[in-house]
Amino acid sequence: MTSASTAQSASAGQAGPEQAGSAGDATEESGPPPTPDAGGGGVPAIVRRRLATVDARLDVNSWIATAVVVAIAAILRLVGLSYPKGKIFDEIYYARDGWGLVDKGVEWNYKDNGPSYVVHPPLGKWLIGLGEWAFGYSDAEHNISVPGHLMTTAPEFGWRFGAALAGIVSVLLLVRIGRRLFRSTTLGCAAGLLLALDGFHLVLSRTALLDIFLLLFVLAAFGALVLDRDARRRRWSRALDAGLDPTAPGRAGRPAGGWRNWPWWRLAAGVLLGLACAVKWSALYFLPAFALLVLLWEVGVRRSAGVRRPWRDALLDELPWLVLAGVLMVVAYVATWSGWLLTDDGYYRLAAKYPNVPGLSDTPIIGALNNLWEYHKAAYGFHKQLDDPHKYQSWPWQWLLLGRPVAFHWSGEGACGAPSCASEILLLGTPLLWWSFLPALFGAAWIGLARRDWRAGAILLCVAAGLLPWFWFALDGRTMFSFYTAPALPFLVLAVVYVLGAIVTPATDGARAPAAKGASADGEDEAAERRLVGGVIVGAYVLLVALCFAYFYPIFVGKLLPYAEWSARMWLDGRWI
């Protein structure tokens, strides 16, 4: 019997005791297991349960459900993507920079015919540029009109396609991550659907900005760590089945090594986090959170297996892998600057072109890396002094309350059948969903502490990494905007789904305790009734979010409305206008 075979109702999409936010295998952190009581091979049944993971076998039904959610997300993000015409909000910078990378290898100022000074790394702009390469790019101001290599469409579609694709993929990832965390296809799909129906995520997915790419790579790195956690637990479970004595000294008390047992998913997470940093440096805030998660999970699996000194062994065994993951993160980050490194045109690239800039060098190889460092110092200085007031700036404590959304586009022109019309794209989260975030965070903290549930801790730690650093910067009066919330958004949605899962299923379910140990028919009926009522509550909540999203949809996509209908959607008119 393997651990994979013990974990299994996930594919059914039902919220069982280990699936829907209940204690599950959270008690893995509670200390060494008791004397063997079941489970063949001398391995205690409780250890098998603690080491259980989602069934790794292909589940067609779960993938069909996933495909439906992803299709909804794709339709919402791709239909009408080329509207509104022209560059909106910061597309005036990023669409041009994306084309410059494709055309010149570096961000390019076509007005002055020289490199642009930019303060964000290039990866997000590369992804915007690839959409322009595929579908065409046009810039009348600089007399640029280039057909697409795959097909030619409206140029707006080209520079927005990369963001739309990133938004669609992030919904896919959240469904699969949610399914693995909660061991429920239903809850995983609920998480993905809530993200797909969020106005904030939709607007970022339909605009050529960087933040949707940041969200994607941070979420992908977290997903890789969750896969790493499961892979390491299966490794320990197989070793225990094979007769491993976890109390033995040295390597004799640990699973076999070898390159096949390397933490490949953890190393992949390092690469993905490096790519996230190559979109925006704020991804660095997740580095300590992710490293802490790895250590806590490794300590937990050792405690579950019965290792005598789990902290010591986890630190000795896993720190080298964390260091290697960090090295891969740096390598991945630097690799995204290849266009700058391999050409002579980049800003600060050659000292000879910038004689008045101290610290630059033209020494082969080392000089290029030195100049890249000097460029980073200059960009950091820009960010540090970014305190100019802006009409749509906001503070971190306003973000989850939708205190000051950002208007990306506004027009009063066009025929709408009314004396006055309005067309706006407002970076506004779906209100019912976003106003659920704070109660969900408190609920997740309460339930997670009561049940010692690792999932609640992981979700809350990632939310903290995405939000708390901005409270510190607010002390210096730095100019900030609500879209800085983007990388924390998937984890906020997971917090909501975690609480919904806890509503569906009590902490202890009849499925946890076999009938032979006294589980009565009345108890089973009560649990079934609890699941039924909870399912109705969850379904009603998701339906209300969908209706709220539908109501606000016109101001997410810039649909032309009679002015009175537009005004009716400005619920916080003093803040949303």
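Just so it is clear, the model here is predicted, and its values are computed rather than measured.
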Approximate separation, where rounding is to 0.5 Å, of [X] [atom1] and [Y] [atom2]:
X: Ile212; Y: Leu202; atom1: CD1; atom2: CG; value: 9.5 Å
X: Phe213; Y: Ser170; atom1: CZ; atom2: OG; value: 10.5 Å
X: His120; Y: Ser282; atom1: NE2; atom2: OG; value: 8.5 Å
X: Leu123; Y: Phe217; atom1: CG; atom2: CZ; value: 5.0 Å
X: Tyr553; Y: Leu547; atom1: OH; atom2: CG; value: 15.5 Å
X: Thr152; Y: Phe157; atom1: OG1; atom2: CZ; value: 12.0 Å

[X] side chain vs [Y] backbone, donor-acceptor pair below 3.5 Å:
X: Arg404; Y: Tyr392; result: no
X: Arg176; Y: Leu172; result: no
X: Ser116; Y: Asn109; result: yes
X: Thr430; Y: Val545; result: no
X: Trp576; Y: Leu402; result: yes
X: Glu132; Y: Trp99; result: yes

Q: Show the numbers, then the answer: is there a side chain to side chain contact (heavy atoms under 4.5 Å, CB included) between Leu210 and Asp90?
A: CA-CA 9 Å; Leu210 303 181; Asp90 282 353; over 6 Å; no
Q: Over 60° means perpendicular and under 30° means parallel, so classify the ring planes of Trp434 and Phe200, tilted if in between.
A: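 Plane angle between 30° and 60°, so tilted.
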Q. What orientation do Phe222 and Phe290 show, parallel under 30°, tilted 30 to 60°, or perpendicular over 60°?
A.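 The arrangement is tilted - the two ring planes meet at 30° to 60°.
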**Q.** For Pro84, side-chain contact (heavy atoms from CB on, under 4.5 Å) partners two or more places apart
**A.**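 Once residues adjacent in sequence are excluded, the partners of Pro84 under the side-chain contact (heavy atoms from CB on, under 4.5 Å) criterion are Ile88, Arg160, His409, Ile425.
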Output every pair passing salt bridge (Lys or Arg N to Asp or Glu O under 4.0 Å) with a member in [range], not counting sequence neighbours, ordered by first then second residue.
range: residues 198-213; answer: Asp211-Lys280
range: residues 433-448; answer: none
range: residues 532-546; answer: none

Q. Tell me, which pairs form a disulfide (SG to SG under 2.5 Å) where one or both residues lie in residues 419-470, sequence neighbours left out?
A.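 Qualifying pairs, neighbours excluded: Cys416-Cys421.
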Q. Sequence neighbours excluded, which residues qualify as salt bridge (Lys or Arg N to Asp or Glu O under 4.0 Å) partners of Glu424?
A.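 Not a single residue meets the salt bridge (Lys or Arg N to Asp or Glu O under 4.0 Å) criterion with Glu424.
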**Q.** Residues in salt bridge (Lys or Arg N to Asp or Glu O under 4.0 Å) contact with Lys377, at least two apart in sequence or another chain
**A.**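 Salt bridge (Lys or Arg N to Asp or Glu O under 4.0 Å) check on Lys377 returns Glu374.
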Inspect the surroundings of [atom1] in [X] and state if more than 12 heavy atoms from other residues, nucleotides or ligands are less than 6.0 Å away.
X: Phe442; atom1: CZ; answer: no
X: Phe473; atom1: CZ; answer: yes
X: Trp397; atom1: CH2; answer: yes
X: Tyr380; atom1: OH; answer: no

Are [X] and [Y] side-chain neighbours, meaning at least one heavy-atom pair lies under 4.5 Å?
X: Cys277; Y: Pro121; answer: no
X: Leu127; Y: Val279; answer: no
X: Trp337; Y: Val106; answer: no
X: Val203; Y: Leu426; answer: no
X: Leu433; Y: Tyr541; answer: yes
X: Tyr347; Y: Val118; answer: no
X: Glu91; Y: Glu156; answer: no
X: Phe161; Y: Arg77; answer: no

If you compare all heavy atoms of [X] against all heavy atoms of [Y], which two are closest, and at what distance to 0.1 Å?
X: Ala95; Y: Tyr137; result: O-CE1, 3.8 Å
X: Pro469; Y: Ala464; result: CD-O, 3.4 Å
X: Leu209; Y: Tyr94; result: CA-CD1, 4.0 Å
X: Leu78; Y: Ala164; result: CD2-CB, 3.8 Å
X: Leu181; Y: Arg455; result: O-CD, 2.8 Å
X: Tyr117; Y: Ala378; result: OH-O, 3.3 Å

**Q.** Donor on one side chain, acceptor on other, Asp103 and Tyr110, under 3.5 Å
**A.**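 Their side chains do contain a donor-acceptor pair, which is all the 3.5 Å distance test asks for.
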**Q.** Donor-acceptor side-chain pairing of Trp108 and Asp97 below 3.5 angstrom
**A.**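 On atom types as modelled, these side chains do not qualify, holding no pair under 3.5 Å.
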Q. How would you list, by chain and number, every residue that makes a side chain to side chain donor-acceptor pair (under 3.5 Å) with His376, sequence neighbours excluded?
A.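 Counting only residues at least two positions away or on another chain, His376 forms a side chain to side chain donor-acceptor pair (under 3.5 Å) with Tyr333.
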Q. Listed by chain and number, what are the side chain to side chain donor-acceptor pair (under 3.5 Å) partners of Thr207, not counting sequence neighbours?
A.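 Side chain to side chain donor-acceptor pair (under 3.5 Å) check on Thr207 returns nothing, list empty.
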Could you list the donor-acceptor pairs under 3.5 angstrom formed by side chains in residues 554-564, with sequence neighbours left out?
none

Q. Given the rule in the side chain to side chain contact (heavy atoms under 4.5 Å, CB included) test, do Trp399 and Phe437 qualify, once you have shown the distances and angles that lead to the verdict?
A. CA-CA 11 Å; Trp399 294 344; Phe437 286 160; over 6 Å; no
**Q.** Ion pair Arg478/Asp476, N-O distance below 4.0 Å
**A.**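 Answer for the salt bridge query: no.
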Q) Passes side chain to side chain contact (heavy atoms under 4.5 Å, CB included), Leu428 versus Arg569? Steps please. A) CA-CA 11 Å; Leu428 177 74; Arg569 289 166 171 80; over 6 Å; no
Q: Determine, step by step, whether Leu400 and Leu441 satisfy the side chain to side chain contact (heavy atoms under 4.5 Å, CB included) criterion, reporting the C-alpha distance in whole Å, the side-chain angles of both residues, the deciding distance to 0.1 Å, and the verdict.
A: CA-CA 11 Å; Leu400 300 189; Leu441 292 175; 4.2 Å; yes
Q | Partners meeting ring-ring contact (aromatic ring centres under 6.0 Å, His included) with Tyr551 (sequence neighbours left out) | A |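 Not a single residue meets the ring-ring contact (aromatic ring centres under 6.0 Å, His included) criterion with Tyr551.
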Output side-chain donor-acceptor pairs under 3.5 Å for residues 481-495, partner residues at least two apart or in another chain, one line each.
{"unit_1": "Thr485", "atom_1": "OG1", "unit_2": "Ser482", "atom_2": "O", "d": "2.7"}

